[in-house]
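First up is the structure itself, then whatever we jot down about it.
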Amino acid sequence: MEFNIAIVKGDGIGPEVVSSAMEILDLIGEKFNHKFNYREVLAGGSAYDKYGEPLPAETIDVCKNSDAVILGAVGGNQWDDLPRDKRPERAILGLRKELGLFANLRPGMLFKALEDACPLKTEIVGEGFDILVVRELTGGIYFGESGIKETENGPTAYDIEAYSEMEIKRIAKIGFEMAMKRDKHLTSVDKSNVLESSRLWRRVVNEMSGNYPEVELNHMYVDNAAMQVIKNPKQFDVILTSNLFGDILSDEISMITGSIGMLPSASLAASGAGLYEPIHGSAPDIAGKGIANPIATILSVAMMLKFSFNLQEEADTIEQAIDKVLKAGHRTSDIIINNEKAIRTTEMTELIKKEIDRR
Ligand code: IPM
Ligand code: MG
């Protein structure tokens, strides 16, 4: 089969990790007889430097007309003082909105070979955990009305958290469907003891649970969820939550895996291209040094093969190759646990390619 992929390498370590992932993809193409065509476009700080804006129209256009988008990471200190609408983050938010990427899937699991990197005690983690955060991505406070108005207390800034029934329904549907494919347990996280938007959220999720009798549904306030994730992560299967709560909880969950350089993500639309990116940021401190861990981006490519192209075997091949390389003790500097020697981005990529080639 033939697929057209928009490549947004981004800033910092973005270009390094995306280049690795493209090498892996090309090898998968060779082995399984697919053709991946790439169109590279700019977004984030690099786009600002070249065009004076973080998300040029051409980038939106190319992404919209592709089968999927692979994104590295955007941002860096040199762009921190730009006005809000020129900041690199605007590129991500703009792409989410323009492509209608309302469903963000963020797996947080403990990699067997990296168990010792987990900062939680073994009694707590036991046999490990495997959580999927389903985060609403194009609504809520991120995209609600915002502004600053003059009041007698000086300027007062506001950002509105608003959710429509339609928005809640479509993300809840993804949550239930993901739970059906996994351990059939869905935890919906809200703040319905305080927020009206959360009360609607909870009502809609409850109504929908009738369509999924096999899925065990529970609700949790977000403050408690933040605690439970640390206290007993094994209790979670799929977490369904809003844009802002999902932003926070997914970072917390990535931290307790001890390997943020390993975690992929997918952002999906009702139709059209999905976007795949590592959970980690642009890591300006190590950019250009050739030492970044490419695995999160490579696993994002595996998610793309699975979710956008329905190529399960190809995705499994990548995941198994990574597993073997880790089990053999190969580590980039971010995942060193027991004084292993740190290998470089290119070395890690070659090792994974070798494993893929072997099968
Ligand atoms: C994320 C990031 C983004 C978000 C930023 C970069 C706008 O933190 O993808 O989690 O807040 O959604
Ligand atoms: Mg975040």
Set of residues satisfying salt bridge (charged side-chain N to carboxylate O under 4.0 Å, His left out) with respect to K64, sequence neighbours excluded: E98
D159 side-chain N/O to S146 backbone N/O, donor-acceptor pair under 3.5 Å: no
Sidechain-backbone polar pair: S259 side chain, T257 backbone, donor-acceptor under 3.5 Å: yes
Flag side-chain contact, heavy atom, 4.5 Å: N293 against H280: no
Minimum heavy-atom distance between S267 and N104, given as atom pair plus value: OG-ND2, 3.2 Å
V325 and K354: CA distance, side-chain angles, deciding distance, side-chain contact (heavy atoms from CB on, under 4.5 Å) verdict: CA-CA 9 Å; V325 170; K354 230 179 245 158; over 6 Å; no
R87 and D80, any side-chain heavy atoms less than 4.5 Å apart: yes
Step-by-step side-chain contact (heavy atoms from CB on, under 4.5 Å) determination, M166 to R170: CA-CA 6 Å; M166 180 279 287; R170 67 179 181 185; 3.8 Å; yes
Members sharing W79's hydrophobic cluster (side chains within less than 4.5 Å): Y48, L82
Hydrophobic cluster membership, M22 vs V41, 4.5 Å side-chain cutoff: no
Single-linkage hydrophobic cluster L268~L311, side-chain heavy atoms < 4.5 angstrom: yes
CE/M109: more than 12 non-hydrogen atoms of other groups inside 6.0 Å: yes
Beyond-backbone contact of E319 with D323, side-chain heavy atoms, under 4.5 angstrom: no
Spatial distance of atom NZ (K31) from atom CZ (R358) [nearest 0.5 Å]: 10.5 Å
More than 12 heavy atoms from other groups under 6.0 Å of NZ on K97: yes
Ring pair (Phe, Tyr, Trp, His ring centres under 6.0 Å) against F36, all qualifying residues, sequence neighbours excluded: F3
L27 side chain near D357 side chain, heavy-atom distance below 4.5 Å: yes
D334 and T332 side chains, donor-acceptor separation under 3.5 Å: yes
Closest heavy-atom pair and its distance - S300, P278: OG-N, 3.5 Å
Full working for side-chain contact (heavy atoms from CB on, under 4.5 Å) between L25 and Y38: CA-CA 11 Å; L25 201 49; Y38 305 117; 3.5 Å; yes
Any side-chain donor near an acceptor of the partner, N232 and Q228, under 3.5 Å: no
Residue pairs fulfilling salt bridge (Lys or Arg N to Asp or Glu O under 4.0 Å) with at least one residue in residues 7-25, sequence neighbours excluded: K9-E40, E23-K353
Pairwise salt bridge (Lys or Arg N to Asp or Glu O under 4.0 Å) hits with a residue in residues 244-272, at least two apart: R135-D247
N-O pairing of K121 and E123 below 4.0 Å: no
Qualifying ring pair (Phe, Tyr, Trp, His ring centres under 6.0 Å) pairs with a residue from residues 104-154, counting only residues at least two apart or across chains: none
Heavy-atom pair with the smallest gap, counting every atom of P264 and P107: O-CD, 3.3 Å
H185 backbone acceptor or donor facing D183 side chain under 3.5 Å: no
Steps toward side-chain contact (heavy atoms from CB on, under 4.5 Å) verdict (R331, L326): CA-CA 7 Å; R331 305 277 186 267; L326 291 175; 3.9 Å; yes
From CD1 (I343) to CD1 (I336), nearest 0.5 Å: 9.0 Å
Minimal non-hydrogen separation, I256 against V229, with atom names: CD1-O, 3.5 Å
Path from L105 to L186 over hydrophobic side-chain contacts below 4.5 Å: yes
Between CG on residue L200 and CD1 on residue I168, distance to nearest 0.5 Å: 4.0 Å
Polar side-chain atom of S250 near backbone of G246 as donor-acceptor pair, under 3.5 Å: yes
With F176 via ring pair (Phe, Tyr, Trp, His ring centres under 6.0 Å) - residues at least two apart: Y212
Polar side-chain atom of T297 near backbone of V18 as donor-acceptor pair, under 3.5 Å: no
Presence of salt bridge, D237 and K184, under 4.0 angstrom: no
Ring pair (Phe, Tyr, Trp, His ring centres under 6.0 Å) partners of Y163, counting only residues at least two apart: W201
Side-chain donor-acceptor contacts of residues 65-76 below 3.5 Å, not counting sequence neighbours, with atom names and distances?
{"residue": "N65", "atom": "ND2", "partner": "D61", "partner atom": "O", "Å": "2.9"}
{"residue": "S66", "atom": "OG", "partner": "V62", "partner atom": "O", "Å": "2.6"}
{"residue": "D67", "atom": "OD2", "partner": "N4", "partner atom": "N", "Å": "2.7"}

Nearest atoms (heavy-atom pairs only) where K231 meets I124: O-CG2, 3.5 Å
From CG (L110) to NZ (K234), nearest 0.5 Å: 11.0 Å
With sequence neighbours excluded, residues passing side-chain hydrogen bond (donor to acceptor under 3.5 Å, both in side chains) with E314: H34
Min side-chain heavy-atom separation R39-E58 under 4.5 Å: yes
Side-chain heavy-atom pair I239, I253 within 4.5 angstrom cut-off: yes
SG on C63 to CD1 on I5, rounded to 0.5 Å: 12.0 Å
In one Ile/Leu/Val/Met/Phe/Trp/Tyr side-chain cluster, 4.5 Å: L195, I160: no
Residue D285 excluded, over 12 heavy atoms near CG under 6.0 Å: yes
Salt bridge K181-E177, side-chain N to carboxylate O under 4.0 Å: no
Residue E150 excluded, over 12 heavy atoms near CD under 6.0 Å: yes
Results of salt bridge (charged side-chain N to carboxylate O under 4.0 Å, His left out) for K191 - residues two or more places apart only: D223
Spacing of CD1 belonging to I131 relative to CZ belonging to R106, to within rounding of 0.5 Å: 14.0 Å
Heavy-atom closest contact (T138 atom, L101 atom, distance): CG2-O, 3.4 Å
Sub-4.5 Å side-chain heavy-atom contact between K324 and R359: no
Any residue meeting side-chain hydrogen bond (donor to acceptor under 3.5 Å, both in side chains) with R202, in chain and number order, not counting sequence neighbours: D190, S192
Pairwise side-chain contact, F245 with E136, heavy-atom cut-off 4.5 Å (strictly under): no
I141 with F102, same ILVMFWY side-chain cluster at under 4.5 Å: no
